[in-house]
Protein chains: 2
Amino acid sequence: MKRSNTQKLKDALEEDIINGQLLPGAKLDHDALAAKYGVSRTPIREAIQQLVVSGLVTVKAKKGTFVAKVGFDQLIEMFEVMAELEGMCGRLAARRIQPAELEALRAALHRCEDSDVMSDPDDYYYENEEFHNCIYTASHNSFLATEARQLKQRLKPYRRLQLQTRNRVSTSVNEHRRIFEAIEKGQEYEAEQQLKEHVLIQGTRFSDFVSQVKTFGNSSQETS
Amino acid sequence: MKRSNTQKLKDALEEDIINGQLLPGAKLDHDALAAKYGVSRTPIREAIQQLVVSGLVTVKAKKGTFVAKVGFDQLIEMFEVMAELEGMCGRLAARRIQPAELEALRAALHRCEDSDVMSDPDDYYYENEEFHNCIYTASHNSFLATEARQLKQRLKPYRRLQLQTRNRVSTSVNEHRRIFEAIEKGQEYEAEQQLKEHVLIQGTRFSDFVSQVKTFGNSSQETS
DNA sequence: TCAAATAATATTGACAACAATATACAACAA
DNA sequence: TTGTTGTATATTGTTGTCAATATTATTTGA
């Protein structure tokens, strides 16, 4: 399958935004990008338009297009919704999970625990994602899974700001353990609540951090 | 504020899809649309690309672009998520609603009741939307409200298939009354559950209907 | 010095034309 | 009939160019 320049551009920019290569507020200059990637303005333009629809990029009319910088309040709102979606995944997973899926989830949990022992936050970050992905799958609602993943991506540029202390990781693993047990036992309500809290704690810790960094909401960053 | 052709096209197509002028599966021919709206292919192309991102349109490579025809299973999944989002709105509204908002909700409820008396389904449809919009606002989570509205739009092309019996309308109003009371009394859990059910009942009735119409999933419709 | 008017510039939108690719169709052969 | 090959066609992607509009910079006049 051959993908168009527009699609490749879109993916590349999305990556850069999610991974923090392009910080919120950074300007996306059409001509500069066209030069960088060796294409004309059209595919750039189209890629950016699509990113606008999905919410990762915003345009200020006649001022330029910028990596979306979501305000503090909206960030809280987004975490609130994220928690709800994750909770729903947990509830459905507790009801619908299949034996093989349960084993996959157990394995993912163990990998989280291992990376905890080694105190490698980056590794944990990946395993953590896998754990949650297992729950998405087990919810047997692929539309929900897609929506959840999409929202998580939109939040990622800001989760980099979270402080990943050793303590937080071990706490997180404990939460995972409780979530797993609830799903294993088919306790829908418990699984939902645990997952909601799990996400909201992240959100709270995050917002505590952000509210300390006063410069955040106002700083205007340019392209590196 | 001046809107571009691309934006106008996008809105126009969106409207046509949501209101059933363009049925799921209908082909969107670039050249035909360009001729119809008297513009070149570029704005058409860009408008369509954006609709693809938001899920209303799909492209089959080298076969053409079509109004998205979501399968029966995915439709169920979407209703499941819709119910969750509406339930969340209700829960938050019960906690956060302001006096003025409560009065607006009460007024919307009364308008639903009135349109029930007159047995005018079309009118009820509109007032029903207003009622739910009031709840969205009262949730004080504008991100959630946007997501809910967006998903509702994606479902709209299929809700046309629902049978709007007089009976259903009066039942619906009763549900609205219970929802309103729960929100008024600040009963978060009750409001959430009532709203979830309210949506799921629609979804169930709908799926009952769809599963009878065998031809639905397979029929390939062309542009009118 | 300040403010209004004007010029220069950047952003954005749109078009026509060209190019590449995959599909559908038809002619042909087995 | 069935299958294969080649040709025509439709779809899709990309480019260079032009045009419209708003912002920024500069000049001008008081």
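In the text below, chain A, chain B and the rest are named by the order of the sequence lines, each starting its count at 1.
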Next item on the list: Select base, sugar-phosphate, or nothing to describe what B/Val59 touches, counting heavy atoms under 4.0 Å on all strands.
Entry: nothing

Next item on the list: For A/Thr42, answer base if it contacts any base atom (sugar-phosphate contacts may also be present), sugar-phosphate if it contacts only those atoms, and nothing otherwise; contact means non-hydrogen atoms under 4.0 Å.
Entry: base

Check: With respect to the phosphate group of D/dG13, does any side-chain polar atom (N or O) of A/Asn5 fall under 4.0 Å of OP1 or OP2?
Finding: no

Note to self: Is there a side-chain contact between A/Thr6 and the phosphate of D/dT14, meaning an N or O under 4.0 Å from OP1 or OP2?
What the structure shows: yes

Check: Is A/Leu155 close to A/Leu75 at the side-chain level, that is, under 4.5 Å between some pair of heavy atoms?
Finding: yes

Check: Would you call B/Leu105 and B/Thr137 a side-chain contact if the rule is heavy atoms closer than 4.5 Å?
Finding: no

Check: Should D/dG6 form a Watson-Crick or G-U wobble pair with both distances under 3.5 Å, which nucleotide is its partner?
Finding: C/dC25

Next item on the list: Output, in order, the C-alpha distance, side-chain angles, deciding distance and verdict of salt bridge (Lys or Arg N to Asp or Glu O under 4.0 Å) for B/Lys152 and B/Glu147.
Entry: CA-CA 9 Å; B/Lys152 188 179 272 187; B/Glu147 292 289 306; over 6 Å; no

Roughly how many Å is it from [atom1] in [X] to [atom2] in [N], rounded to a whole number?
{"X": "B/Leu9", "N": "C/dC15", "atom1": "CG", "atom2": "C1'", "result": "14 Å"}
{"X": "B/Gln7", "N": "C/dG13", "atom1": "CD", "atom2": "C1'", "result": "11 Å"}
{"X": "A/Arg45", "N": "D/dG16", "atom1": "CZ", "atom2": "C1'", "result": "15 Å"}
{"X": "B/Glu46", "N": "D/dT15", "atom1": "CD", "atom2": "C1'", "result": "14 Å"}
{"X": "A/Tyr37", "N": "D/dT14", "atom1": "OH", "atom2": "C1'", "result": "18 Å"}
{"X": "A/Arg3", "N": "D/dT12", "atom1": "CZ", "atom2": "C1'", "result": "16 Å"}
{"X": "B/Leu28", "N": "D/dT12", "atom1": "CG", "atom2": "P", "result": "10 Å"}
{"X": "B/Ile44", "N": "D/dG13", "atom1": "CD1", "atom2": "P", "result": "15 Å"}

Check: Do B/Lys62 side-chain and C/dT23 base share a donor-acceptor contact under 3.5 Å?
Finding: no

Checklist line | Comparing B/Lys60 and A/Arg41 on DNA chain D - which has the more 5′ nearest nucleotide | finding: B/Lys60

Check: Given that A/Lys63 and B/His30 both sit by DNA chain D, which one's nearest nucleotide is further toward the 5' end?
Finding: B/His30

Check: What heavy-atom pair brings A/Ser172 and A/Asn128 nearest, and what distance separates the two atoms?
Finding: OG-OD1, 4.5 Å

Notebook entry, point to check: Taking the six-membered ring for Trp, are the ring centroids of B/His110 and B/His176 within less than 6.0 Å of each other?
Noted result: no

